[in-house]
Participant: 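For reference, the structure I am asking about is given below.
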Amino acid sequence: MERPEESNGGETAAPVRRDFIRSRIDEDLASGRHRQVVTRFPPEPNGYLHIGHAKAICLNFTVAQEFGGRCHLRFDDTNPTKEEQEFVDNIEADIRWLGFEWGDHLYFASDYFERLYGFAVELIEKDKAYVDELDAEQMREYRGTLTSPGRESPYRNRPVAESLDLFRRMRAGDFPDGALVLRAKIDMASPNINLRDPVLYRIRRAHHHRTGDDWCIYPMYDYTHPLSDAIEGITHSLCTLEFEDHRPLYDWVLDNVTIDCHPQQIEFARLGLPYTVMSKRKLIDLVTGRHVRGWDDPRMPTLAGYRRRGYTPAAIRAFAEAIGVAKANSEVEVGLLEHHLREDLNQHAPRVMAVLAPLKVVLTNYPAGKVEEVEAINNPEKESDGSRRIPFSGELYIEREDFAEEPPKGWFRLSPGKEVRLKHGYYVRCDEVIKDAAGEITELRCTYDPESAGGTTPDRRKVKGTLHWVSASHAIPAEVRIYESLFAEAHPGERTGDYLDDLNPDSLRVLADARVEPSLAGAGAGSVFQFLRQGYFCVDPDSTPERPIFNRTVGLKDTWAKLQKRS
RNA sequence: AGGGGCGUCGCCAAGCGGUAAGGCAUCGGACUUUGGAUCCGACACUCGGAGGUUCGAAUCCUCCCGCCCCUGCCA
C-alpha cells in the first residue's frame with residue numbers, strides 16, 4: 001500500500017498510528033478517488049464540549065494534518081430552540097485550548113439555509129419529497145415498528161405543484177408550528193426506519209442565534225449534514241457509531257440532489273469513561289440542578305472542567321492518540337488518562353512544597369529566632385528551570401500523615417526515635433510527642449543534625465524517608481480542594497435507573513488549613529505545580545492573593561498506599 | 001422479532017491466510033535527597049463458541065452465543 005507522503009507529495013506529518021479510518025484514506029488517495037483530505041468537526045452549540053468530543057476533535061484535526069489537508073469547524077445549528085451563542089463561543093475557546101486551529105474554515109449550517117431550501121424545492125420537483133399534514137402522533141403510528149413496515153401517508157402522493165406551494169407557504173409563515181412537515185419520499189416499508197420517509201423540514205417559530213427571525217422552518221440534521229459536508233467539499237465525514245443507520249439516508253440526499261460532491265461518512269466508536277456521565281442532557285442537568293458548581297467544575301468531564309482541574313491540552317491529545325480509533329464499543333480506564341497527564345506534568349510542573357494537613361514540629365536544638373534560606377531545585381526533570389530559596393526555621397509543619405506513633409512495618413517516615421530527611425533541609429530525629437487532653441498529637445519535638453545541611457551528612461549515613469515541610473512562620477495559609485470521581489459507580493444509574501443516585505458524596509473534599517511555601521504567593525490562576533510527594537495542583541480561579549486556592553489535578557503514584565492496601 | 005454494527009490479555013488496541021505488535025494496569029528487581037521519575041524483566045501455545053476449507057486460519061466458509069445502536073417534527 002502506498003504511503004500518503006508518496007501519493008500526494010504534500011507537506012504531511014508522519015501518521016502516528018494505523019487505524020481503519022487512516023487506512024481507508026490511504027486507499028482513497030492511492031486510488032485517485034481523492035487528491036486531498038478535508039474533514040470537519042460539527043458540534044451542535046447546545047452545550048459544552050466534553051472529553052468524548054476531544055476524541056473526535058483530535059481525530060478530525062490530526063487526520064487532516066497528517067494528510068496535508070484541512071479540518072473545518074462547522075456548527076450544526078439547525079435547532080434554534082436548544083442552541084445559544086454562549087455555547088458557540090465556549091466551543092471555539094475549548095477547541096483552541098486543545099491546540100487546534102481552523103483558520104478561515106469556520107462555518108455554520110445556518111449559513112446554508114437558503115441553499116438547503118433550494119435543494120428541498122428540487123427534491124419536491126423531482127417528486128422525491130412531499131409536504132405532509134400528519135401530526136407527530138399520527139406519523140409515529142404510520143411509521144410502523146422495528147419489525148413491521150410502515151404505511152404511506154395519505155398526503156404522500158399529492159401533486160408536486162401542491163407540495164411546492166405548501167412548502168413555499170410553510171416558509172412564508174402561513175402555518176402554525178408543527179402543522180406541516182416536508183418529508184423525503186423514500187420507502188415506508190424499509191427495514192431501516194430512517195428511510196421511512198424521514199422529515200426534512202419542520203415549522204418552528206424560534207429565534208435563531210444567527211439567522212434571527214428570518215426563518216420559521218428549519219431543516220433536520222439528516223438532511224442538513226450531508227449537504228453541508230458536500231457544500232464544503234468534505235472528503236471524509238467522520239462520526240460516531242449511532243449514525244451508521246443514517247448513512248443510507250446521507251447518501252440518498254446527496255444522490256437525489258444536484259451537487260457535485262459526495263463525501264464518505266465513516267463511523268467510529270465514541271469514547272466511554274467509567275465513573276462519569278457524558279450525555280449532554282445529563283451534563284446540563286448536573287449544572288442546572290446545582291450538583292456541580294458549573295460547566296467548568298473540576299469534577300466535570302467537560303474540557304472546561306479538565307482545564308480548571310489542571311489537565312493540559314498535551315495530555316488530552318496524547319490520551320486521544322493512545323486510545324486509538326475503532327468500531328468496538330469501549331470504555332477506557334481513567335488510569336490511562338491520568339497516565340498521560342502525569343507524563344506531561346512530570347516534565348513541566350515546577351516542584352514546590354505544601355503541607356495539606358499540618359502537624360507542628362519544633363526543633364529543640366535549632367538556634368532560637370534563626371532563619372536560613374535553603375536551596376531547592378525547581379524541577380529535577382528540567383535542570384534549566386533552576387532553583388529557588390526557601391526559608392527554614394526551628395518551627396515547621398510537616399504532613400500529619402508523615403508521622404506515626406506506632407509505625408507499621410515498612411514505614412520510612414517519621415516516628416518516635418526515628419530520623420528522616422527534610423527535603424532540601426536537614427535530618428531530624430523525633431524525641432518527644434506532645435498531645436492535648438483528648439490525646440490528639442499536637443506537636444513533635446525533634447532535634448536536627450547541623451551536619452546534614454542540604455540533605456547529606458559527612459558520615460554518609462542513609463535515611464530512608466524524605467519528608468516535605470514548610471516553615472511555620474513563613475508559610476502561606478491556603479485552601480486545597482481534593483477531587484474524587486463525580487460518581488461512585490462506574491456506570492451511574494445502572495442499579496436504580498437514576499444516575500443522580502450514584503453521585504459520589506465525597507467527590508469534593510476541602511482542606512481549609514493547608515500551608516504552602518512562600519514562593520507560591522501570587523501564583524496566577526491556572527498555574528500548575530507539583531506539591532512534592534503529593535501530586536499536581538493548580539491555582540483555582542477562585543483564588544485571591546489573601547487566600548490562595550489549589551485544586552488537586554491528580555495525585556502522584558503512591559506505592560506506599562498500594563502496599564498498605566495489600567495488607 | 002426486522003435492520004445496522006461489534007466480539008483479540010484486567011482496560012484500550014494492532015493484525016487483512018504463514019504461525020499473536022504496542023500502550024495502560026499488574027507483578028518482580030535496580031536506582032533514587034519526591035515510597036515520584038527513570039531503568040531492567042515478567043505478563044494471550046491463544047484470538048466469543050462449535051464445526052468446516054487449507055500444507056497452514058485470529059484472519060476464509062457455516063451455524064450458534066453475547067453485547068451495542070435504531071420506532072424525535074433532537075443531533
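Every chain is numbered from 1 and lettered A, B, ... according to where its sequence line falls, protein lines coming before strand lines. What you are looking at is a predicted structure, and each value in this text was computed from that prediction instead of being measured.
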Participant: Can you tell me if the side-chain N/O atoms of A:Arg143 get under 4.0 Å from OP1 or OP2 in B:C73?
Facilitator: yes
Participant: When the C1' atoms of B:G23 and B:G3 are compared, how many Å lie between them, rounded to an integer?
Facilitator: 36 Å
Participant: Tell me what A:Val181 touches on the nucleic acid: a base, only sugar-phosphate, or nothing, going by heavy atoms under 4.0 Å.
Facilitator: base
Participant: If you measure from the Lys or Arg side-chain nitrogens to the Asp or Glu carboxylate oxygens, is any gap between A:Asp19 and A:Arg22 under 4.0 Å?
Facilitator: yes
Participant: When only distance counts, do a donor and an acceptor, one from the side chain of A:Arg413 and one from the base of B:G35, lie under 3.5 Å apart?
Facilitator: yes
Participant: Below 4.0 angstrom from OP1 or OP2 of B:A37, is there any side-chain N or O of A:Lys557?
Facilitator: yes
Participant: Is A:Phe243 touching bases, backbone alone, or none of the nucleic acid, heavy atoms closer than 4.0 Å?
Facilitator: base
Participant: What's A:His225 touching, base or sugar-phosphate or nothing? Going by heavy atoms closer than 4.0 Å.
Facilitator: nothing
Participant: Could you check whether A:Ala326 gets within reach of a base, just the sugar-phosphate, or nothing at all, counting any heavy atom under 4.0 Å?
Facilitator: sugar-phosphate
Participant: Establish, with yes or no, whether the OP1 or OP2 oxygen of B:A75 is under 4.0 angstrom from a side-chain nitrogen or oxygen of A:Arg202.
Facilitator: yes
Participant: Can you tell me the base-pairing partner of B:C6? Count Watson-Crick or G-U wobble geometry only, both distances below 3.5 Å, and say none if there is no partner.
Facilitator: B:G66
Participant: For atom P, what is the distance between B:G15 and B:C9, given to the nearest Å?
Facilitator: 16 Å
Participant: Given B:U71, B:C12, B:G35, identify the nucleotide with an atom nearest to the side chain of A:Val332.
Facilitator: B:C12
Participant: Would you mind classifying the nucleic acid contact of A:Leu134 as base, sugar-phosphate or nothing, using non-hydrogen atoms under 4.0 angstrom?
Facilitator: base
Participant: Give one of base, sugar-phosphate or nothing for A:Glu338, where a contact means two heavy atoms less than 4.0 Å apart.
Facilitator: nothing
Participant: Counting the atoms with a prime plus P, OP1 and OP2 as sugar-phosphate, which does A:Arg342 contact under 4.0 Å by heavy atoms, base, sugar-phosphate, or nothing?
Facilitator: nothing
Participant: What I want to find out is whether A:Arg40 reaches A:Glu232 closely enough, with some N-O distance under 4.0 Å, to be called a salt bridge.
Facilitator: no
Participant: Think A:Lys464 has a side-chain N or O under 4.0 angstrom from the OP1 or OP2 of B:U32?
Facilitator: no
Participant: Please determine if a side-chain N or O atom of A:Thr466 lies less than 4.0 Å away from the OP1 or OP2 oxygen of B:U32.
Facilitator: no
Participant: So, is A:Lys280 close to the B:C74 phosphate, meaning a side-chain N or O under 4.0 Å from OP1 or OP2?
Facilitator: no
Participant: Quick one: is B:C70 close enough that its OP1 or OP2 comes under 4.0 Å of any side-chain N or O from A:Arg196?
Facilitator: no
Participant: So which of A:Arg202, A:Arg143, A:Arg183, A:Lys185 actually passes salt bridge (charged side-chain N to carboxylate O under 4.0 Å, His left out) with A:Asp132?
Facilitator: A:Arg183
Participant: Report yes if a side-chain nitrogen or oxygen of A:His468 is closer than 4.0 Å to either non-bridging phosphate oxygen (OP1 or OP2) of B:U34; otherwise report no.
Facilitator: no
Participant: Using the C1' atom on both, measure B:C67 against B:G72 and round to a whole Å.
Facilitator: 25 Å
Participant: Is A:Gln534 side chain donor-acceptor paired with the B:U34 base, going by distance under 3.5 Å alone?
Facilitator: no
Participant: Within 45° of the ring axis of A:Tyr142 and under 6.0 Å from its six-membered ring centre, is that where the NZ or CZ of A:Arg151 lies?
Facilitator: yes
Participant: Which heavy-atom pair separates A:Val253 from A:Asp222 by the least distance, and what is that distance?
Facilitator: CG2-O, 4.0 Å
Participant: Could you tell me whether A:Asp229 and A:Arg74 have a side-chain N and a carboxylate O separated by less than 4.0 Å?
Facilitator: yes
Participant: Using the P atom as the reference point in each nucleotide, state the distance between B:A20 and B:A25 in Å, no decimals.
Facilitator: 27 Å
Participant: Under the 3.5 Å rule, do the base of B:U71 and the side chain of A:Arg140 count as making a donor-acceptor pair?
Facilitator: no
Participant: Could you check whether A:Glu419 pairs with A:Arg461 (Lys NZ or Arg NE/NH1/NH2 to Asp/Glu carboxylate O, under 4.0 Å)?
Facilitator: yes
Participant: What nucleic acid atoms does A:Gly410 come within less than 4.0 Å of, heavy atoms only: base, sugar-phosphate, or nothing?
Facilitator: base
Participant: When you compare the protein's N or O atoms with those of nucleotides 39-44 of chain B, which come within less than 3.5 Å of each other, and at what distance?
Facilitator:
none

Participant: Does A:Pro380 reach a base, just sugar-phosphate, or nothing at all? Heavy atoms under 4.0 Å.
Facilitator: base
Participant: Answer with yes or no whether A:Glu333 presents, from its side chain, a donor or acceptor under 3.5 Å of a partner atom in the base of B:G10.
Facilitator: yes
Participant: Nearest to the side chain of A:Ala136, which nucleotide is it out of B:U34, B:C73, B:G35?
Facilitator: B:C73
Participant: Taking only the side-chain heavy atoms of A:Val199 (C-beta and beyond), determine which of B:G5, B:C73, B:U71 contains the nearest atom.
Facilitator: B:C73
Participant: Below 4.0 angstrom from OP1 or OP2 of B:A13, is there any side-chain N or O of A:Ser330?
Facilitator: yes
Participant: Mark this stacking check for A:Trp560 against B:G35 as yes or no, applying ring centres under 5.5 Å and ring planes under 30°.
Facilitator: yes
Participant: Strictly below 4.0 Å: does A:Arg18 bring a side-chain N or O up to OP1 or OP2 of B:G22?
Facilitator: no
Participant: Hey, does A:Arg281 reach any base, or is it just sugar-phosphate, or nothing, if we go heavy atoms under 4.0 Å?
Facilitator: nothing
Participant: What integer number of Å spans the C1' atoms of B:U19 and B:A57?
Facilitator: 9 Å
Participant: By the 4.0 Å heavy-atom rule, please label A:Asp132 as base, sugar-phosphate, or nothing.
Facilitator: nothing
Participant: Decide, yes or no, whether a salt bridge links A:Glu133 with A:Arg158 under the criterion of side-chain N to carboxylate O below 4.0 Å.
Facilitator: yes
Participant: Ion pair present between A:Glu267 and A:Arg247, side-chain N to carboxylate O less than 4.0 angstrom?
Facilitator: yes
Participant: Kindly assign one of parallel, tilted or perpendicular to the pair A:Phe167 and A:Tyr201, based on the angle between their ring planes and the thresholds 30° and 60°.
Facilitator: perpendicular
Participant: When the C1' atoms of B:A13 and B:A58 are considered, how many whole Å apart are they?
Facilitator: 14 Å
Participant: Across all strands, who's sitting opposite B:C60 as a Watson-Crick or G-U wobble pair, both distances under 3.5 Å?
Facilitator: B:G52
Participant: Please say whether the positively charged group of A:Arg515, taken as NZ for Lys or CZ for Arg, lies over the ring of A:Tyr397, i.e. under 6.0 angstrom from the six-membered ring centre and within 45 degrees of the axis.
Facilitator: yes
Participant: Given that both distances must come in under 3.5 Å, which nucleotide forms a Watson-Crick or G-U wobble pair with B:G28?
Facilitator: B:C40
Participant: Below 4.0 angstrom, N of the basic side chain to O of the carboxylate: do A:Arg156 and A:Asp197 qualify?
Facilitator: yes
Participant: Please determine whether a side-chain nitrogen or oxygen atom of A:Thr78 lies at a distance below 4.0 Å from atom OP1 or OP2 of B:A75.
Facilitator: yes
Participant: Should A:Arg270 be listed as having a side-chain N or O under 4.0 Å from OP1 or OP2 of B:C69?
Facilitator: no
Participant: Decide, yes or no, whether a salt bridge links A:Glu242 with A:Arg270 under the criterion of side-chain N to carboxylate O below 4.0 Å.
Facilitator: yes
Participant: What interatomic distance, in whole Å, is found between C1' of B:C47 and the corresponding atom of B:A37?
Facilitator: 36 Å
Participant: Using a heavy-atom cut-off of under 4.0 Å over every strand shown, decide if A:Met220 touches base, sugar-phosphate, or nothing.
Facilitator: sugar-phosphate
Participant: Report each atom pair, protein N/O against N/O of nucleotides 1-4 of chain B, whose distance is under 3.5 angstrom.
Facilitator:
| from | atom 1 | to | atom 2 | distance (Å) |
| --- | --- | --- | --- | --- |
| B:G2 | N9 | A:Leu146 | O | 3.4 |
| B:G2 | N3 | A:Leu146 | O | 3.0 |
| B:G3 | N2 | A:Asp245 | OD1 | 3.4 |
| B:G3 | N2 | A:Asp245 | OD2 | 2.7 |
| B:G4 | O4' | A:Asp245 | OD1 | 3.4 |
| B:G4 | O2' | A:Asp245 | OD1 | 3.3 |

Participant: Look at the side chain of A:Glu381 and the base of B:G36, then say whether one donor and one acceptor between them are separated by less than 3.5 Å.
Facilitator: yes
Participant: What interatomic distance, in whole Å, is found between P of B:U32 and the corresponding atom of B:G36?
Facilitator: 13 Å
Participant: Step by step, work out the side chain to side chain contact (heavy atoms under 4.5 Å, CB included) result for A:Asn346 and A:Tyr536.
Facilitator: CA-CA 9 Å; A:Asn346 178 49; A:Tyr536 298 97; 3.5 Å; yes
Participant: Select base, sugar-phosphate, or nothing to describe what A:Gly425 touches, counting heavy atoms under 4.0 Å on all strands.
Facilitator: nothing
